[in-house]
Undergrad: 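Below you will find the structure I want to go over with you.
Everything numeric in this text was worked out from a predicted model, so none of it was measured. Each chain gets a letter, A, B and so on, in the order its sequence line appears, and its residues count up from 1.
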2 protein chains.
Amino acid sequence: MDVLKTRILREGRDLGRGILKVDSFVNHQVDPVLMHACGQEFALRFKDLGITRVLTAEISGIGPAIMAALALQVPVVYARKHKPVTMPEMVFLTTAPSHTKGTEVSLMVSPEYLAGGERVLIVDDFLASGATILGLIRLARAAGAQVVAVGTLIEKSFEGGRAALGEVLGPEVPIESLAIISEMSEKGIVFADESYDRQR
Amino acid sequence: MDVLKTRILREGRDLGRGILKVDSFVNHQVDPVLMHACGQEFALRFKDLGITRVLTAEISGIGPAIMAALALQVPVVYARKHKPVTMPEMVFLTTAPSHTKGTEVSLMVSPEYLAGGERVLIVDDFLASGATILGLIRLARAAGAQVVAVGTLIEKSFEGGRAALGEVLGPEVPIESLAIISEMSEKGIVFADESYDRQR
């Protein structure tokens with residue numbers, strides 16, 4: 001998706017150790033017009049899958065996920081990392097290693113909002129190692145729901161997340177990233193060839 | 001805003017001690033179509049204020065804030081509660097008591113995304129005691145920005161937040177809530193008269 005790639009080249013900053021800072025349009029400040037366009041792109045790519053619900057993880061998945069859900073006209077559920085007082089006593093919980101924190105974080109979903117029979121699209125800001133998304137897949141499956149697609153804004157293909165997800169999801173479930181970065185170095189950010197988007 | 005009030009009456013649950021659970025459309029599962037409509041309503045009510053930025057607090061403010069920002073076509077910044085590695089060493093930080101957690105939480109904004117001269121709309125899901133929004137006002141003012149309006153989805157008028165904000169903001173800054181609850185008891189949820197929305 002060119003508009004996203006252009007923005008990454010213009011404002012993204014490589015902080016080293018594979019960390020890409022996109023705080024000016026995704027992670028701290030959010031460009032709602034760009035997120036809206038990304039949501040529409042997800043809806044277009046996944047339009048024939050009969051999606052009934054979008055699932056993401058708080059915090060930075062919420063922006064792209066709510067816009068995908070708006071375009072698909074379905075509810076979005078965000079997995080919580082801390083249990084608020086409004087959550088029931090019995091929830092689905094899994095843990096996932098945090099890329100940027102160096103610790104395990106909890107991901108919790110109430111069975112009230114994720115149930116058997118749902119056809120779930122998982123959306124997140126980044127696909128790196130895939131750890132968070134693997135956690136969301138476990139939550140969806142624990143609820144008896146089916147993950148029918150995965151969409152992320154930015155994939156770092158050199159971190160192997162796509163293969164890890166593919167192993168768990170099988171070859172039929174599409175994984176789409178709107179910008180795929182194949183290399184980050186002093187020389188700059190290199191995107192994978194456009195054709196890679198479709199190659200699976 | 002009738003569509004929001006209807007939803008609160010249908011799905012909201014009074015958990016006691018002033019806690020209203022709206023996890024099925026605002027706080028855990030989000031209805032993106034409803035949030036989009038709420039965003040448009042905020043944009044309509046505040047259209048003449050020259051807003052340049054929307055400010056909210058993670059996590060549950062993000063949904064309504066991103067939709068208000070979309071309607072206003074301006075960026076949205078969400079104050080972080082934990083400092084990610086992508087944040088610079090020097091940030092604006094304040095603390096605010098958490099209604100549902102019984103502790104103080106940090107609210108941080110990077111000076112990269114909030115600066116002098118900005119005309120800020122603060123958006124949040126709830127206006128209760130006003131503590132979180134007061135924290136956001138302190139952050140905006142520390143950055144030299146001007147808070148020109150406050151918009152919330154649901155106000156619990158019996159918790160006094162409106163008066164607390166009014167004292168700090170002065171009478172010229174509009175505070176608009178799309179649903180104002182004047183009473184929550186065994187007898188049910190009672191909304192303040194519609195005219196209250198406009199009465200200040």
Side-chain angles (χ1 to χ4, degrees), chain A residues 13 15-17 19-36 39 53-56 58-88 91 98-102 108-110 112-114, chain B residues 13 15-17 19-36 39 53-56 58-88 91 98-102 108-110 112-114:
Chain A
R13 276 182 48 214
L15 299 186
R17 295 175 298 123
I19 295 170
L20 177 66
K21 172 172 170 168
V22 287
D23 281 10
S24 63
F25 55 104
V26 176
N27 286 145
H28 179 25
Q29 177 169 262
V30 181
D31 178 340
V33 176
L34 178 64
M35 287 305 118
H36 187 242
R53 195 156 304 226
V54 175
L55 177 64
T56 190
E58 68 181 32
I59 300 160
S60 51
I62 297 176
I66 200 172
M67 291 304 182
L70 179 67
L72 290 161
Q73 304 265 302
V74 298
V76 52
V77 175
Y78 55 91
R80 312 282 326 224
K81 291 178 182 166
H82 303 277
K83 196 165 176 291
V85 292
T86 52
M87 256 197 173
V91 299
S98 166
H99 194 63
T100 44
K101 286 187 198 130
M108 280 170 272
V109 168
S110 167
E112 299 164 292
Y113 312 120
L114 198 58
Chain B
R13 276 182 49 212
L15 300 185
R17 294 175 295 124
I19 296 169
L20 177 67
K21 173 174 170 168
V22 287
D23 281 10
S24 63
F25 56 104
V26 177
N27 287 144
H28 179 24
Q29 177 170 262
V30 181
D31 178 341
V33 177
L34 177 64
M35 287 305 117
H36 186 241
R53 198 156 301 228
V54 175
L55 177 65
T56 189
E58 67 181 30
I59 302 163
S60 52
I62 297 175
I66 200 172
M67 292 303 182
L70 179 67
L72 290 161
Q73 304 266 303
V74 299
V76 53
V77 175
Y78 55 91
R80 313 279 330 220
K81 292 178 182 166
H82 303 277
K83 194 163 177 292
V85 292
T86 52
M87 255 195 174
V91 299
S98 165
H99 194 63
T100 45
K101 286 185 198 133
M108 279 169 272
V109 169
S110 166
E112 298 164 295
Y113 311 120
L114 199 57

Undergrad: Looking only at heavy atoms, what is the nearest atom pair of S110(B) and H28(A), with distance?
TA: N-NE2, 3.0 Å
Undergrad: Could you pull out the closest heavy-atom pair between V85(A) and I19(B), with the gap in Å?
TA: CG2-CD1, 3.9 Å
Undergrad: Under a 4.5 Å heavy-atom cut-off, does chain A meet the side chain of I66(B), its backbone, both or neither?
TA: both
Undergrad: What option among D23(A), V33(A), D31(A), V54(A) has the most heavy-atom pairs under 4.5 Å with chain B?
TA: D23(A)
Undergrad: Within this structure, what is the NZ-CD distance for the pair K21(A) and E112(B), rounded to the nearest 0.5 Å?
TA: 3.5 Å
Undergrad: What are the two closest non-hydrogen atoms of N27(B) and Y78(A), and how far apart are they?
TA: O-OH, 2.7 Å
Undergrad: For Q29(A), run the side chain to side chain contact (heavy atoms under 4.5 Å, CB included) check against V77(B), V76(B), L55(B) and tell me which one passes.
TA: V77(B)
Undergrad: Of all residues at least two apart in sequence or in a different chain, which pass the side chain to side chain donor-acceptor pair (under 3.5 Å) check with T56(A)?
TA: none
Undergrad: Of the non-hydrogen atoms in R80(B) and I59(A), which two are nearest, and what is the gap between them?
TA: NH2-CD1, 3.9 Å
Undergrad: Can M67(B) and H36(A) be said to form a side-chain contact (heavy atoms from CB on, under 4.5 Å), step by step?
TA: CA-CA 9 Å; M67(B) 292 303 182; H36(A) 187 242; over 6 Å; no
Undergrad: Taking all non-hydrogen atoms of both residues into account, name the closest pair between P75(A) and P32(B) and its distance.
TA: CA-CD, 4.0 Å
Undergrad: V109(A) versus chain B, heavy atoms under 4.5 Å apart: side chain, backbone, both or neither?
TA: both
Undergrad: With respect to chain B, which residue among A68(A), G63(A), A71(A), S24(A) yields the maximal number of heavy-atom pairs within a distance under 4.5 Å?
TA: S24(A)
Undergrad: So, taking the atom named CG in L34(B) and the one named CG in L70(A), what distance separates them when rounded to the nearest 0.5 Å?
TA: 11.0 Å
Undergrad: Just so I understand: if I count every heavy-atom pair under 4.5 Å between each of A65(B), A79(B), A69(B) and chain A, which residue has the most?
TA: A69(B)
Undergrad: Which pairs pass side chain to side chain donor-acceptor pair (under 3.5 Å) with one or both residues in residues 59-70 of chain A, sequence neighbours excluded?
TA: S60(A)-D125(A)
Undergrad: In terms of heavy-atom proximity below 4.5 Å to chain B, should I62(A) be classed as side chain, backbone, both, or neither?
TA: side chain
